[in-house]
Every structure is written in structure tokens, then in C-alpha cells.
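Below: one structure, written as C-alpha cells.
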Amino acid sequence: MSERVNDTKKSGANKTAATPVAKAKAEAALPALGPLGMFRWAWTQLTSMRTALFLLLLLAVAAVPGSLFPQRPANPSIVTQYIADHPDYGKILDSLQLYDVYSSAWFSAIYILLFISLIGCVVPRAIAHYKAMRSQPPRTPARLSRLPEYGTLVIPADAGIPASRAIADAAGKLKKRGYRVDVRDDDGARPSLGAERGFLREVGNLVFHTSLIGVLVSVAAGGLFGYSGQRILVEGDTFVNTLVGYDQFTPGTNFQSSQLQPYSIQLDKFQITFDRESKGKFGQPIDFKADVTTRDTPDAPAEKQVLKVNDPVSLGGTSIYLTGNGYAPMVTIRDGAGNVAMQGPVVAKLQGENYYSSVVIKVPDAKPDQLGFAGFFLPTAFVTEEGVSFSGDPELINPQLTLNSYFGDLGLDAGSPQNVFELDVKKLTPLNARNLDAGGITLAPGSTYTLPDGKGSISFDGVKRYIGVDIHHNPGQLYALIFALLAVAGLVTSLYVNRRRVWVRTGTHADGRTMVEYGLLARGEDHRLAAEAEAIRGLLTDEWGLDSQKVPSGQMDNGPSESVPAGNNASATETPTEDFIQSTAGSPESKKDQ
């Protein structure tokens, strides 16, 4: 019995395998795409909207490491220190270009692919939309009652409005409402029209995507041809826009020194307003104001300007921002031979409340030994019972300069870069300190201290204020803003403008009445389509004086009009509008519209 069942299964399998369809499937071979076919397939995938959105998301994710790891263009020394502090994986991250994210090969590849994808997506859509705008509205459907919004109207025979005039009136009303109208068979028995509006929806969509391309190009132009730098200006100092005038300079990829316009800016006076009224924020700065003198060119007349926070000064195609401020003690240092080795302001770096600031002074020209000083500056000095000094107020009420002194090789002659706000004392010999017999150096304005062992002296001559400025030149910044605003405008337009189509058909009933039917269709979701249908119905009823016909749109699919104008006889009242519509649905006039 089991052998008979197995034979039956084998015979069935052989029959299946022997069928022509199965044989054709077994012998079928997929054609090779070839190089051209593969290129077309890759181009289609790259220029799809799904790929563009994926690349846009990938670009945002790829930018994250730029905020997690120090970036070499911003501060190379920090990157070098980071690699030294993390020898196990620091060099691996460097090989992956994670310290130079925004100019790395992989970030640039994503950027370029997104650029190509957007262009390949926008251009064909723009061409298709242009053709759609020049084409005629679609033909009138045979059965308007199948549309989402549908309605009918009846014009009384005694109104004297034939079908041709009714269709002309409807066309005029729709044109005033912003529709593009095409009238068909206006001299026939069943004239109709097709109308559509909402082309701005796709225009807004195209503007949005085109603006994204513009933003990408503008950002790329800023990165290629822009530059930025920082400079500290003490009251009375002048900055000239040259490479040697910057304390720190970050050029763009294609930066050329010829881009620098030699303008100048001088800090005349810097003023700070401190809070003197509130208890919780007493002594906090509430306003900053820098009076500056600027010249667009060396030969240009001087111009007085005011530099404030978030209110930059524009010069030579750059924007100069106020980013920091502090005090700069004026000192004079003489070496062991009595010669002036250093004289001028020393920038004090803010460290704590009430403008408590650290001070580092390096004097490589002192003889016979180089001198170094490290300490702090207090605008209003107070001393605790334990002998600890602190700043009690940010104003210059009781300024004090407290320093330790050193002598030896500062390491500047070797040419190695150093931080001006740090002093490496490992290879220096201390002269003054609180733990030494000589003690520390404490100076008030106008006082002088003589260093031990005949190493020289230091004088505290006074205090000036300084500001820190950021200077930015970004040729694509304005264009990026314009394209960003256009992108928002295009997005809003595409969200709030709806693409709609309207069809109207008219005809004359046997009893002389003019019958009108209309239908609306939206391309995509449109929750306001019913309101649009009601508005169009209201325009038509007002045009023909049919105020008594209050039938809502969409209720006339399969029923007669609920309200017939006065003057019609009983037989006309009993004749449903649908009878007329259905009887002409397949007429030659109707077929012309298909």
C-alpha cells in the first residue's frame, strides 16, 4: 500500500516538472544589466527621495563626532594633547579623521552624494511640473457622481439661462477663484469644463528642495573661502587686518591672503556696567560697551563706532564680535643690569567671581637670566584672617597684583609654541613665593618691588581694560540665510496649498430646465475639500439666484433635488435630476469628454 502511494507521489512530481511553465522557469535566465544598466539603476536609487532623506539623516549623524572630539582646525594644540593623553586609541581616531570631521573624506562623500541626490531629484520633478502647468486640465469624467464631492443644481426654465451660458458663468466664477479653466463642447448639448488649482503646492515643494541645495552650496562656499580669527585688544591698541595681526587664525580650505582687506580698528575705551541694585546678582555685569575707531582702508577717514555683545561691527567683509573682556595690569620689569626688559600691559585671564584673574609674565630679554612671574590680579582686594586674598568687587576699588617670581630658561629660544597664559616652572628656579624666605610679591598701583639676588625689579604702573574679539568672514552666510528662509516659505506653501480639480457639466432638460452637476477631486489628502465644494456651490447659486436650493454638496448622488425653484409645475417637481443625469451619461456629447 505504501509503495503505491510513493509511486503516485513520484508520478505527480514528474508531471509537475514536465509542465511547460515549470520547464520555462527552470530554463529562464535573468538578463545581465551591463555597465549602462547598472549605472541607470544606481542613478535611480541615488536620486530617489528616500535616498535623499537617508543621506540628510546620515549627514546629521556624521557631524556628531565633531562635537565629541577636539577639532584640529579650531585648536591643533588641544588635539596634540588629546592624542598624548589617550595613547591607546588617540592615533586610531586620528587615522579615521575624527579630529578633522568636517573636511574628512567620508564627511565630504556624504555631503557630495546628498548634493547630487537633491539635484537629481529636483530637476526631473521641475520639468514634469512645468509640463503639467502647461497642459490642459483632465477630461470631464462620465459619472461625476463617483467623485468624493458631488452636487447638482437646477436652473428654472423661466430664468432664461441655457446650458452654454451656465457653463460660461461657472467658468468665470472658477477663474476668479484662482482655477485654471478649460471649457469643452460649449456649443454642444452637454457642455462641460475642467478646472484645477494648487500648482503652488508642487512649486513650494520644489522651492524647498532647491533651497536645500542652495544652503549646501552656501555652507560649502563659507568653508572653502571663509576664515575666522581672534584677537585681544587692550585700550589704546590697534588691530590691522593682516595675518600677523591675529592672535589665532583659522583659514578656509581655499583661503588666499589677498582676501584680507587691510582695515584697522582701535579700542579707545571699554566700559562695563555692573548691577548695584539687586541682592542676588549684585556686582554682576549687565552691559558692555566698547568705543572703537575704525578705518576701512589705511587712507580712509576715521570713524567712531560702538561695539557691543550681539551687535558686531562690519568691516572689510568681516563681522567683528565682542566675546570677552578683563583687566590688563601695566607693569615695568627691569633686569639685573637695570635695563627695561619688558614694559606694557599684561592680559589677566579671568578665573573666578568678581574678575579674579590669573597673571603670567614671561621676560625672555632679561639679563643675565630670563625672568618669569605667575600669580593673580584682584580688582578689589580683601584679605581674610588666614591671610588669603580674594576679590570682593569687580570694580577697580583696591587693585592688587600678587606674584611669584622665577628665573632660568623659559624655553622660548627653542622655538616651541607655548601658551601665553601658562608658565612651566619645572626647569625654573623660584625667587619669590609664600613658602620662601623672600615671600611673595604684592603690589599696588604705583609701587615697585626689587627682586632678590640682584635679578632686577618689577613695577605696577596701573590697570587698563581689554576685550577679546572674534573676526569672521563667511561669503556664504547671507546666501545661506536667504535659502533657509526660502526653504521655510516653500515648506509652508507645500503644506497649506492643496491641489484640487473641479468638473462642471450642464444640459437642458426636456421641460426647459437647465441641469447642472459638479464634482471635486483632490490630489492627495485634503480635509478642506468639502468646504471648497460648498463654497463653489454658494458662488453658483448666487450667480443664478438659486438661494432656495440649500442642498449640501455630496447629497445628490442618487436622489432628486430637495428644493425646486418656484414656478415649476408639479410634473417638473416630480422629475428627479438624477433621471436626466443618468440618461445622458452615455451620450455622444459625454463620450467626447472621455
Side-chain angles (χ1 to χ4, degrees), residues 137 140-177 179 181-186 188-197 500-522 529-585 587 589-590 593:
T140 308
R143 295 180 62 87
L144 295 178
S145 59
R146 294 180 177 178
L147 297 179
E149 295 296 330
Y150 171 75
T152 61
L153 291 169
V154 179
I155 304 177
D158 56 3
I161 302 177
S164 58
R165 178 182 166 185
I167 205 68
D169 293 343
K173 289 296 181 181
L174 291 175
K175 286 181 180 179
K176 290 183 179 180
R177 197 165 176 81
Y179 284 88
V181 181
D182 180 37
V183 178
R184 295 86 183 256
D185 296 330
D186 53 343
R190 294 282 287 161
S192 66
L193 66 82
E196 59 182 339
R197 63 178 293 186
R500 295 164 179 165
R501 290 173 175 172
V502 179
W503 292 275
V504 180
R505 181 184 288 121
T506 63
T508 304
H509 198 271
D511 58 9
R513 292 179 297 167
T514 299
M515 318 303 291
V516 181
E517 60 174 340
Y518 61 89
L520 285 82
L521 178 66
L529 187 62
E532 178 70 9
E534 188 64 26
I536 292 176
R537 183 182 183 86
L539 290 175
L540 297 179
T541 54
D542 292 343
E543 176 70 15
W544 298 322
L546 307 177
D547 293 341
S548 61
Q549 298 188 31
K550 299 295 184 181
V551 182
S553 174
Q555 294 189 7
M556 294 300 295
D557 273 3
N558 300 302
S561 173
E562 296 179 4
S563 177
V564 180
N568 288 350
N569 55 30
S571 61
T573 304
E574 295 173 356
T575 304
T577 304
E578 185 66 19
D579 292 343
F580 170 76
I581 295 171
Q582 299 296 341
S583 64
T584 59
S587 63
E589 292 82 358
S590 177
D593 293 331

Quiz prompt | Atom pair CZ/CD1 of R177 and I536 - distance to nearest 0.5 Å | solution = 6.0 Å
Practice problem: Could you tell me which non-hydrogen atom of A189 sits nearest to which non-hydrogen atom of A163, and how far apart they are? | Solution: O-CB, 4.5 Å
Exercise. Determine, for E517 against R190, whether the closest basic-nitrogen to carboxylate-oxygen distance falls under 4.0 angstrom.
Key: yes
Quiz item: Shortest non-hydrogen contact from T506 to A166?
Solution: CG2-CB, 4.0 Å
Practice problem: Could I get the full list of side chain to side chain contact (heavy atoms under 4.5 Å, CB included) partners for R165, not counting sequence neighbours? | Solution: I161, P162, D169
Self-check item: Gap between atom CG of D158 and atom CZ of R513 - 0.5 Å precision
Solution: 11.5 Å
Quiz item: If you measure only the distance, is there a donor-acceptor pair under 3.5 Å linking the side chains of R184 and T140?
Solution: yes
Quiz item: Can you name the nearest heavy-atom pair linking A170 to V504, along with the distance?
Solution: CB-CG1, 4.3 Å
Quiz item: Is there side-chain contact between T508 and M515, with at least one heavy-atom pair below 4.5 Å?
Solution: no
Practice problem: Not counting sequence neighbours, which residues clear side chain to side chain contact (heavy atoms under 4.5 Å, CB included) with A168? List them please. | Solution: none
Quiz prompt | Option from E196, E532, E149 for which salt bridge (charged side-chain N to carboxylate O under 4.0 Å, His left out) with R501 holds | solution = E196
Quiz prompt | Approximate separation, where rounding is to 0.5 Å, of D542 CG and R537 CZ | solution = 11.5 Å
Quiz item: What distance separates I155 CD1 from L546 CG, expressed to the nearest 0.5 Å?
Solution: 6.0 Å
Quiz item: Would a 4.5 Å heavy-atom cut-off, applied to side chains only, mark V181 and P137 as touching?
Solution: no
Exercise. Drop me the distance from L520's CG to Y150's OH, to the nearest 0.5 angstrom.
Key: 12.5 Å
Quiz item: Considering only heavy atoms from C-beta outward, does the side chain of P141 approach that of W503 to under 4.5 Å?
Solution: yes
Quiz item: At what distance, to the nearest 0.5 angstrom, does CG of L153 lie from OG1 of T514?
Solution: 11.5 Å
Quiz item: Do the side chains of L193 and Y179 get nearer than 4.5 Å, heavy atoms only?
Solution: no
